[in-house]
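Lettering follows sequence order; numbering is per chain, from 1.
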Amino acid sequence: MTVRTRFAPSPTGYLHIGGVRTALFNWLFSRRHGGQFLLRIDDTDQERNVDAALAPILHGFRWLGIDWDEGPEVGGPFEPYYQSQRLARYQDAVARLLAGGFAYRDYATPDELKAEREQAEREKRPFLYSRRWMAESDAQARAFESEGRQGVVRLKIPREGKVVIKDHIRGDVEFDWAREQDHVVQRADGTCLYHLASVVDDFDFQITHVIRAEEHLSNTPRQVFIAQSLGYPLPEYAHLPYVAEPGSKNKLSKRKLDKYLKNRDFALVNEHGQAIAKALGLSTSADTFNPVIVDFYEQVGYLPDAIVNYLMLLGWSLDDRTEFFTRQQMIENFSLQRVTKSPASFDPKKLWAFQDHYMQQLSVDEKVDRMLPFLAHANLIDSPDDADARPLLRKIVAAAGDRLKVSGDILAYADFFFLPDDGYPLDPDAVEKHLRKPEAAGLLRRFRDRLGGLDSFDVESLERAMHDFLEAEQIKIGAVVHAVRVAVTGKAVGPGLYDCLALLGKERSLARLDRTLQLYFDTVVGRPA
RNA sequence: GGCCCCGUCGUCUAGCCAGGUCUAGGACACAGGCCUUUCACGCCUGCAACACGGGUUCAAAUCCCGUCGGGGUCACCA
């Protein structure tokens with residue numbers, strides 16, 4: 001039998017990092033066994049705008065390289081894959097449940113139910129519906145309806161015995177039927193609820209393995225009941241540990257962002273991304289742009305391979321040392337047996353480390369390809385196809401080496417190359433630290449004059465010029481190099497200084513030194529602070 | 001509260017099923033050092049865990065019992 005797995009997103013408008021992990025494991029498992037992976041859309045609750053709310057999710061999966069064989073946009077033999085379009089199937093199933101005596105019409109009002117529940121609570125016994133307003137015949141149903149009552153359909157769960165869920169990760173898990181409620185499967189208006197829909201869909205789509213987060217484990221008995229009552233074969237189950245908050249065992253949730261922002265590592269990664277978004281001129285709100293949302297990583301310029309590799313290791317490992325996997329290796333090695341049982345907390349710093357690693361694997365040209373669009377977005381170049389930009393960027397990227405961790409970093413590290421000589425920003429802290437020294441003006445001026453006398457302006461010549469200068473001045477390099485860097489780049493950090501000067505060229509370098517000299521010494525120095 | 005799941009360094013994990021080779025291994029983070037014009041990379045060193053208590057056994061992170069702790073779930077949400 002062909003392995004078929006599925007992931008069932010709700011169209012919420014964004015792709016959550018925890019959801020991706022679940023989808024990834026489904027994808028990996030199906031690929032490992034030469035099967036199919038499908039996307040089913042759980043939109044029974046949604047009103048309209050499903051397409052708009054779904055687009056970012058589909059886009060996110062595509063970006064990560066998680067492709068689906070059936071589902072939205074690709075179709076498939078069991079269309080439609082939207083729950084909102086499958087109501088007839090669900091109603092048909094409800095009718096069969098009713099006919100088989102596995103479900104009943106119920107006419108209790110919410111208040112009556114609430115009263116029963118409260119009474120159970122007072123008596124300190126587990127609540128179980130009395131079935132007092134259960135209608136097992138049409139006559140009974142009519143009688144209730146004549147009182148103006150509205151009927152829903154409830155599962156008629158056994159009141160004794162046990163059910164054993166065979167789970168690939170948890171082993172055998174036992175539940176008492178008597179603890180299970182008579183869940184509603186169909187509302188008075190005829191619409192159906194998730195658990196029923198999910199079971200029907202999994203059967204219709206011929207899903208063989210249900211791999212989902214463990215929060216669904218306690219829902220499984222009712223689904224088993226539905227499936228068995230309908231005569232469906234049971235799928236194999238695997239309940240994954242959930243992804244937890246940074247530094248905690250609580251489930252990761254998009255709603256508790258404020259709390260995560262207090263986590264040092266999370267905050268660091270977030271701020272880094274926000275700075276890039278700002279440089280790009282993106283209008284971002286914390287709700288939709290943060291390290292819990294996949295889109296964040298795409299916008300900032302992370303690599304899909306880094307994210308997928310990191311996520312794969314959240315709750316799974318091959319052995320005691322292997323950390324890096326190509327897609328092919330992931331597929332070849334994935335197995336449910338090696339999925340962990342305990343929750344794994346999301347560690348943005350570790351994701352960062354994977355990103356660092358994968359970025360280092362890229363050639364200069366591959367980095368340039370990814371960074372050109374960022375420069376264009378930030379209006380530092382006209383377009384990604386700008387003929388002049390590419391050669392310059394190649395040199396910048398080569399000089400920057402491993403400093404560029406994400407594609408967006410090019411904006412922070414190299415904006416000054418693309419800005420006019422009188423228009424690049426000077427970091428106030430750097431100025432304070434390296435330019436506000438009594439001896440800085442003289443040193444800068446004399447170094448500028450030495451550069452002015454240079455015939456060739458390549459890295460080697462610059463290095464030699466610097467050494468000669470140090471000898472003449474009888475100083476150490478630290479006494480001058482920082483001031484020069486801040487003067488020409490505006491920053492305290494960046495690629496090697498000789499690289500920066502060489503890339504800027506003689507004319508621009510001198511212009512920048514002159515401007516800084518004028519700005520900070522001719523006019524500012526001597527004036528009261 | 002009921003039911004269910006889980007519990008190895010701060011974090012991700014290996015080891016547990018088939019007890020000894022575990023004075024518990026790797027990775028990230030952190031600290032210190034080296035390299036160095038800054039930052040980053042790289043390299044070296046260090047810090048740091050078997051939740052607790054009983055058993056079983058010559059021997060327990062590994063098996064059994066109990067306790068404690070954490071989490072999930074208890075909707076006419078998905």
Engineer: Answer with base, sugar-phosphate or nothing: what part of the nucleic acid does A:D402 contact at a heavy-atom distance below 4.0 Å?
Structural biologist: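 Contact class for A:D402: sugar-phosphate only.
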Engineer: Within the 3.5 Å criterion, strictly below it, is a donor on A:E366 or A:S363 matched to an acceptor on the partner's side chain?
Structural biologist: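 There is such a pair between these side chains.
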Engineer: Residues two or more places apart in sequence or in another chain: which of them pass salt bridge (charged side-chain N to carboxylate O under 4.0 Å, His left out) with A:R264?
Structural biologist: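 Not a single residue meets the salt bridge (charged side-chain N to carboxylate O under 4.0 Å, His left out) criterion with A:R264.
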Engineer: How far, in whole Å, is B:rC28 from B:rC9 if one measures between their C1' atoms?
Structural biologist: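 Per the computed distance, 12 Å lies between those C1' atoms.
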Engineer: Whether A:R149 and A:E112 form a salt bridge (side-chain N of Lys/Arg under 4.0 Å from carboxylate O of Asp/Glu) is what I want to check.
Structural biologist: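 Yes.
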Engineer: A:K350 NZ to B:rG10 P: how many Å, rounded?
Structural biologist: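 The answer, rounded to whole Å, is 15 Å.
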Engineer: Categorize A:G496 for me: base, sugar-phosphate, or nothing, with a 4.0 angstrom heavy-atom threshold over every strand shown.
Structural biologist: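 It contacts base atoms.
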Engineer: Using the P atom on both, measure B:rG33 against B:rG19 and round to a whole Å.
Structural biologist: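 My reading of the P atoms in B:rG33 and B:rG19 gives 47 Å.
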Engineer: Describe the nucleic acid contact of A:R117 in one word from base, sugar-phosphate, nothing, applying a heavy-atom distance below 4.0 Å.
Structural biologist: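 If one applies the 4.0 Å heavy-atom cut-off, A:R117 turns out to touch the sugar-phosphate alone, with no base involved.
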Engineer: Of A:A344 and A:L351, whose nearest nucleotide on RNA chain B comes first from the 5' end?
Structural biologist: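 Nearest nucleotide further toward 5': that of A:A344.
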Engineer: Of the nucleotides B:rU37, B:rA78, B:rC41, which has the atom closest to the A:R485 side chain?
Structural biologist: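 Closest of the options to the side chain of A:R485: B:rU37.
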Engineer: Mind checking if A:T340 touches a base, just sugar-phosphate, or nothing, with heavy atoms under 4.0 Å?
Structural biologist: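 Sugar-phosphate only.
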Engineer: Select base, sugar-phosphate, or nothing to describe what A:P495 touches, counting heavy atoms under 4.0 Å on all strands.
Structural biologist: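 Base: the residue A:P495, judged by heavy atoms under 4.0 Å, touches a nucleobase.
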Engineer: Regarding A:G494, tell me which of base, sugar-phosphate or nothing describes its non-hydrogen contacts under 4.0 Å with the strands shown.
Structural biologist: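 Base contact.
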Engineer: Using a heavy-atom cut-off of under 4.0 Å over every strand shown, decide if A:P343 touches base, sugar-phosphate, or nothing.
Structural biologist: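 Sugar-phosphate contact only.
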Engineer: Relative to the 5' end of RNA chain B, which residue comes earlier, A:V184 or A:P241, by the nucleotide with the nearest heavy atom?
Structural biologist: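 The residue closer to the strand's 5' end, by nearest nucleotide, is A:P241.
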Engineer: When you compare B:rC64 with B:rC17, how far apart are their P atoms, in angstrom units rounded to a whole number?
Structural biologist: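 Result for the P pair: 9 Å, nearest Å.
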Engineer: Over how many whole Å does the gap from A:N219 atom CG to B:rA78 atom C1' extend?
Structural biologist: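 A:N219 atom CG is separated from B:rA78 atom C1' by 10 Å.
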Engineer: So what does A:V173 touch, heavy atoms closer than 4.0 Å: a base, only the sugar-phosphate, or nothing?
Structural biologist: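 Here A:V173 touches the backbone only, sparing every base.
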Engineer: For the side chain of A:L497, starting at C-beta, report the closest nucleotide among B:rC76, B:rU37, B:rU13.
Structural biologist: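 It is B:rU37.
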Engineer: Would you mind reading off the distance between A:R264 atom CZ and B:rC28 atom C1', rounded to a whole angstrom?
Structural biologist: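 Atom CZ in A:R264 sits about 13 Å away from atom C1' in B:rC28.
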Engineer: Contact class for A:E180 vs. all strands (heavy atom < 4.0 Å): base, sugar-phosphate, or nothing?
Structural biologist: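 Nothing: the residue A:E180, judged by heavy atoms under 4.0 Å, touches no strand.
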Engineer: Rounded to whole angstrom units, what separation is found between the CG atom of A:L217 and the P atom of B:rC5?
Structural biologist: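 Value for this atom pair: 7 Å.
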Engineer: Sort out the partner of B:rU67 for me: Watson-Crick or G-U wobble, both distances under 3.5 Å, none otherwise.
Structural biologist: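 Partner of B:rU67: B:rA51.
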Engineer: Tell me: CZ of A:F346 to C1' of B:rU13, nearest whole Å?
Structural biologist: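 After rounding, the reported distance stands at 17 Å.
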Engineer: Looking at B:rU8, B:rC3, B:rC39, which one has an atom nearest to any side-chain atom of A:F175?
Structural biologist: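 So the nucleotide nearest the side chain must be B:rC3.
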Engineer: Compare the minimum distances between each of B:rA29, B:rC28, B:rA78 and the side chain of A:D265, then state the nucleotide with the smallest one.
Structural biologist: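 Selected nucleotide: B:rA29.
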Engineer: Taking CD from A:Q119 and C1' from B:rG2, how many angstroms apart are they, rounded to a whole number?
Structural biologist: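 Those two atoms, CD and C1', are 17 Å apart.
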Engineer: Quick check for you: among B:rC5, B:rG2, B:rC76, whose closest atom lies nearest to any side-chain atom of A:R179?
Structural biologist: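 Nearest to the side-chain atoms of A:R179, counting from C-beta on, is B:rG2.
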Engineer: Among the nucleotides B:rG71, B:rA27, B:rC39, which one has an atom lying closest to any side-chain atom of A:E323?
Structural biologist: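 Within the option list, the nearest is B:rA27.
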Engineer: Got a donor-acceptor pair under 3.5 Å from the side chain of A:R403 to the base of B:rC39?
Structural biologist: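 Side chain to base: pair present.
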Engineer: Any donor-acceptor pair, under 3.5 Å, between the side chain of A:R321 and the base of B:rU13, if you only look at N and O atoms?
Structural biologist: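 No, the side chain and the base share no sub-3.5 Å donor-acceptor pair.
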Engineer: Scan A:H195 against the nucleic acid and name what it touches under 4.0 Å (heavy atoms): base, sugar-phosphate only, or nothing.
Structural biologist: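 It contacts base atoms.
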Engineer: Taking atom P of B:rU38 as reference, at what distance in whole Å does atom OH of A:Y498 sit?
Structural biologist: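 To the nearest whole Å, that distance equals 10 Å.
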Engineer: If we take the P atom in both B:rA60 and B:rG53, what is their distance in whole Å?
Structural biologist: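 Their P atoms lie roughly 14 Å apart.
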Engineer: Using a cut-off of 4.0 Å on non-hydrogen atoms, how would the nucleic acid contact of A:R187 be classed: base, sugar-phosphate, or nothing?
Structural biologist: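 The answer is base, as A:R187 lies within the cut-off (heavy atoms under 4.0 Å) of a base atom.
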Engineer: Look through every strand shown and name the nucleotide pairing with B:rA24 as Watson-Crick or G-U wobble, where both distances are under 3.5 Å.
Structural biologist: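 No nucleotide pairs with B:rA24.
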Engineer: Answer yes when A:R154 and A:D182 have at least one side-chain N-carboxylate O distance shorter than 4.0 Å, and no when they do not.
Structural biologist: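 The answer is no: the pair does not qualify as a salt bridge.
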Engineer: I need the minimum non-hydrogen distance between A:V269 and A:P348, along with the two atoms involved.
Structural biologist: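 So the minimum-distance heavy-atom pair works out to CG2-CB, 3.7 Å.
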Engineer: Between B:rA27 and B:rG66, how far is it from one P atom to the other, in whole Å?
Structural biologist: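 It comes out at 39 Å once rounded to the nearest Å.
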Engineer: Using the P atom in both, what is the distance from B:rA48 to B:rG10, to the nearest Å?
Structural biologist: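 Looking at atom P only, B:rA48 and B:rG10 are 10 Å apart.
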Engineer: Taking any heavy-atom pair under 4.0 Å as a contact, classify A:L313: base, sugar-phosphate, or nothing.
Structural biologist: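 Sugar-phosphate contact only.
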Engineer: Take A:Q223 and A:H195 through the test side chain to side chain contact (heavy atoms under 4.5 Å, CB included) and record every step on the way to the result.
Structural biologist: CA-CA 6 Å; A:Q223 297 195 356; A:H195 292 291; 2.9 Å; yes
Engineer: Assign A:Q360 to base, sugar-phosphate, or nothing according to its heavy-atom contacts below 4.0 angstrom with the strands shown.
Structural biologist: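 Since only primed, P, OP1 and OP2 atoms lie under 4.0 Å of A:Q360, the category is sugar-phosphate.
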Engineer: Spell out yes or no: do the side chain of A:K405 and the base of B:rA40 have one donor N/O and one acceptor N/O closer than 3.5 Å?
Structural biologist: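 Between B:rA40 and A:K405, which were checked side chain against base, a qualifying N/O pair under 3.5 Å is absent.
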Engineer: How many Å lie between NE2 on A:H216 and P on B:rC4, as a whole number?
Structural biologist: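 Value for this atom pair: 20 Å.
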Engineer: Determine the Euclidean distance between corresponding P atoms of B:rA29 and B:rC41; express it in Å to zero decimal places.
Structural biologist: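 To the nearest whole Å, 8 Å.
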Engineer: Using the C1' atoms only, state how far B:rC65 lies from B:rU56, rounded to an integer number of Å.
Structural biologist: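 It comes out at 11 Å once rounded to the nearest Å.
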Engineer: Which atom names give the shortest non-hydrogen contact between A:L15 and A:I57, and what distance separates them?
Structural biologist: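 It is CD2-O, 3.8 Å.
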Engineer: Does the structure show a Watson-Crick or G-U wobble partner for B:rU38, both distances under 3.5 Å? Name it, or say none.
Structural biologist: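 No nucleotide pairs with B:rU38.
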Engineer: Of all the heavy-atom pairs spanning A:L58 and A:L39, show the shortest one and how long it is.
Structural biologist: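 Closest pair (atom of A:L58, atom of A:L39, distance): CD2-CD2, 3.7 Å.
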Engineer: For A:K124, which contact category applies under a 4.0 Å heavy-atom criterion: base, sugar-phosphate, or nothing?
Structural biologist: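 Contact class for A:K124: none.
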Engineer: Could you tell me whether A:R40 and A:D202 make a salt bridge, using a distance below 4.0 angstrom between a side-chain N and a carboxylate O?
Structural biologist: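 Looking at A:R40 and A:D202, the cut-off is met.
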